[in-house]
Protein chains: 2
Amino acid sequence: MDYPKSQACKTCDNCNEKSHIFSLLSQEELLVLNKDRFEVMFEPGQVIIKQGAPATHFVSLTMGMAKLYLEGFDRKKLILEIVKPWKLFGGPGVFTDMRYHYSISALTETASCFIPAENVKHLIRTNHAFAEAMIVHGSINGSKNFERLLSLTQKQMPGRLADVILYLANEVYQSNSFSLSITRQEIGELSNMTKESATRILKDLENEQIIKIDGKGIEILKLEALKDISLRG
Amino acid sequence: MDYPKSQACKTCDNCNEKSHIFSLLSQEELLVLNKDRFEVMFEPGQVIIKQGAPATHFVSLTMGMAKLYLEGFDRKKLILEIVKPWKLFGGPGVFTDMRYHYSISALTETASCFIPAENVKHLIRTNHAFAEAMIVHGSINGSKNFERLLSLTQKQMPGRLADVILYLANEVYQSNSFSLSITRQEIGELSNMTKESATRILKDLENEQIIKIDGKGIEILKLEALKDISLRG
DNA sequence: TCAATAAATTGATATTTCACAACTTTTTGA
DNA sequence: TCAAAAAGTTGTGAAATATCAATTTATTGA
């Protein structure tokens, strides 16, 4: 199998430019992180973090794209996020029962940096600003989950799908025209509907000329109309 | 109107026995909290914390019972928790955009202690153990929200209602036989269904002899059967 | 390159859930 | 205490969504 050349970070130094939360650390503290961390490459489909497994490390994507999802009942998944480089994961689990509370698996060729949980906890105990940043980080995730709860429980399928398209455009691909790296099945897992419903409602949006679909490609034609559908539920 | 005698705490001292998170504070630190805090009584129905309003204070219930809920679309509510004394609220908002991200309103006569956000933030910056406890606190809430997301999105009504009954029995009333302080409407808002559906499914559970209903009273007759319904979804 | 596999689409049908209306029971406040 | 309001119940029909099956299209690995 052709593995790509490892793009492993040589040191944590430049991470404080890329991963916001590390910019609060001194050179000395970055050295502590650097000591035990290691980087691993993942093929598409491979599991980076497994829900239920021991949460021994924080994980940060350094290359590629992955999906973060909850494993529910009957193998049903709920995707919470499409993950791109420089966000830190370890989630609630590292601070509670030492088990990961979600899974992350690679969508593309992906590199991840694994940092022992203890090293990060040590920083929390010794660096006030870093501890506060972790609280803020957790709070932002918390409020996003509130929005998700409302979208998923109170909106009907067109509203939920509009939310997902807007999320992909604004937060993932950062463009109103993008080529999906996820399947219809995964769009369904983001918006809590079956892949058949996802297909149908995408087509409805295309028929109303609100979006343009070309296989994996999606282009938002009428942003306001899409936002309107998101609001109306 | 007959107001009950205020049961205001005289000092924060005894709070470190009641509110777990304050047990990490020294006498000196408790004095800081004590200085600016104040207590307010609320009648049933009154709003203690309003979603969207400026998040200037942390709030802790000291007496009574309240509901914590998200205000969604078309006035629809999603109740996240039935709140009892000695838990701390301020939620994600105090650490992000300084707006509350949920509402809390009194179900019974309720007393709440308001603590200026700055005083708590000060403690976070000066007391490592307290900061870590806040991270753990936020992480526990985070993982509860994951469970809620799964229950609400992947289970059908009987499973969701079973989850709510088990939640009420285990976490709120701490007994398998209890008298509800909430309405059928609010049971619906906890389990994301209409009050009519809540009524019907409660009656189904009673017909199957899994629970016994007497107006506001609920008794769990077959705990295992109820857990089974919760699992099967 | 091509068969095998996975993904996407489409239609028909079944299930779940809601909305509305009518009615009964309980609670509340003057 | 009693009338008004709120909460709870029940039935019916409609809407939303899932399931299943069949088919087409795209992707992948030998």
Side-chain angles (χ1 to χ4, degrees), chain A residues 1-2 43-46 67 72-78 107-109 151-162 164 179-207 211 213-218 229 232-233, chain B residues 1-2 43-46 67 72-79 105 107-109 151-162 164 179-207 211 213-218 229 232-233:
Chain A
M1 209 175 283
D2 270 333
E43 299 288 312
Q46 292 183 331
K67 58 178 175 181
F73 312 95
D74 293 321
R75 306 245 173 116
K76 238 179 117 179
K77 298 180 172 85
L78 182 67
L107 290 170
T108 67
E109 198 74 41
S151 171
L152 292 176
T153 61
Q154 301 198 343
K155 293 184 185 180
Q156 316 194 153
M157 293 197 296
R160 303 205 301 272
L161 193 65
V164 166
S179 174
L180 286 172
S181 31
I182 57 177
T183 65
R184 298 292 190 265
Q185 172 74 36
E186 287 164 330
I187 289 193
E189 288 166 350
L190 272 163
S191 51
N192 194 40
M193 64 184 73
T194 59
K195 62 184 189 304
E196 292 93 334
S197 293
T199 293
R200 271 186 259 267
I201 294 170
L202 279 172
K203 166 151 288 208
D204 289 348
L205 289 175
E206 176 162 52
N207 288 340
I211 61 174
I213 303 177
D214 177 20
K216 290 279 186 186
I218 291 186
I229 290 172
R232 279 192 293 109
Chain B
M1 209 178 281
D2 271 332
E43 300 285 312
Q46 291 182 332
K67 58 179 174 180
F73 313 93
D74 294 322
R75 302 247 172 114
K76 238 179 117 180
K77 298 179 171 87
L78 181 68
I79 300 180
S105 73
L107 290 169
T108 67
E109 199 74 42
S151 171
L152 292 176
T153 59
Q154 301 197 344
K155 293 184 186 182
Q156 334 199 130
M157 293 198 295
R160 303 205 301 272
L161 194 65
V164 166
S179 175
L180 285 173
S181 32
I182 58 176
T183 65
R184 298 291 190 268
Q185 172 73 38
E186 286 164 330
I187 290 193
E189 287 167 351
L190 271 163
S191 50
N192 195 37
M193 62 184 74
T194 60
K195 62 183 190 308
E196 292 95 332
S197 293
T199 293
R200 269 186 260 266
I201 295 169
L202 279 172
K203 165 151 288 204
D204 289 347
L205 290 175
E206 177 163 51
N207 288 342
I211 61 174
I213 303 177
D214 178 20
K216 290 279 186 185
I218 290 186
I229 289 171
R232 276 191 298 110

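Order of the sequence lines sets the chain letters (A, B, ...), proteins ahead of strands, with each chain counted from 1. The basis for the numbers below is simple: all heavy atoms, side chains too, and nothing from hydrogens, waters or symmetry mates.
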Asker: What is the distance, to the nearest angstrom, from the CD atom on Q154(B) to the C1' atom on dT17(D)?
Answerer: 15 Å
Asker: E43(B) CD to dT28(C) P: how many Å, rounded?
Answerer: 12 Å
Asker: Do N192(A) side-chain atoms and T153(B) backbone N/O form a donor-acceptor pair below 3.5 Å?
Answerer: yes
Asker: Can you find a heavy atom in the side chain of S105(B) that is under 4.5 Å from one in the side chain of Q46(B)?
Answerer: no
Asker: Answer yes or no: does atom CG of N207(B) have more than 12 heavy-atom neighbours from other residues, nucleotides or ligands under 6.0 Å?
Answerer: yes
Asker: Quick check on dA8(C): is either OP1 or OP2 less than 4.0 Å from any side-chain nitrogen or oxygen of T199(A)?
Answerer: no
Asker: Just how far is it from atom CG of L180(A) to atom CD1 of I218(A), taken to the nearest 0.5 Å?
Answerer: 4.0 Å
Asker: Provide, to the nearest angstrom, the distance between the NZ atom belonging to K203(A) and the C1' atom belonging to dA7(C).
Answerer: 15 Å
Asker: In this structure, how many angstroms lie between the P atom of dT27(C) and the CG atom of L107(B), rounded?
Answerer: 16 Å
Asker: Which residues, if any, of residues 184-196 of chain A bring a heavy atom under 4.0 Å of DNA chain C?
Answerer: R184(A), Q185(A), E196(A)
Asker: Do I182(B) and L107(B) have side chains that approach each other closer than 4.5 Å (heavy atoms only, starting at C-beta)?
Answerer: yes
Asker: Is T183(A) close to E186(A) at the side-chain level, that is, under 4.5 Å between some pair of heavy atoms?
Answerer: yes
Asker: Between CZ of R160(B) and NZ of K155(B), what distance do you get to the nearest 0.5 Å?
Answerer: 10.5 Å
Asker: Taking atom C1' of dA16(D) as reference, at what distance in whole Å does atom CE of M157(B) sit?
Answerer: 13 Å
Asker: Could you check how far CZ of R200(A) sits from P of dA18(D), rounded to whole Å?
Answerer: 10 Å
Asker: Phosphate oxygens OP1/OP2 of dC18(C): is one of them under 4.0 Å from a side-chain N or O of S197(B)?
Answerer: yes
Asker: I need the CG-C1' distance between L161(B) and dT16(C), as an integer number of Å.
Answerer: 15 Å
Asker: Within this structure, what is the CG-to-P distance between D204(A) and dG11(C), rounded to whole angstrom?
Answerer: 12 Å
Asker: CD of Q185(B) to CD of E189(B): how many Å apart, nearest 0.5 Å?
Answerer: 4.5 Å
Asker: Of all the nucleotides listed (dT17(D), dT17(C), dA7(C)), which has the minimum atom distance to the side chain of T183(A)?
Answerer: dA7(C)
Asker: Does the side chain of R184(B) come within less than 4.5 Å of L202(B)'s, by heavy atoms?
Answerer: yes
Asker: Once each nucleotide of nucleotides 25-30 of chain D is scored for protein heavy atoms under 4.0 Å, what B/S/- sequence comes out, 5' to 3'?
Answerer: ------
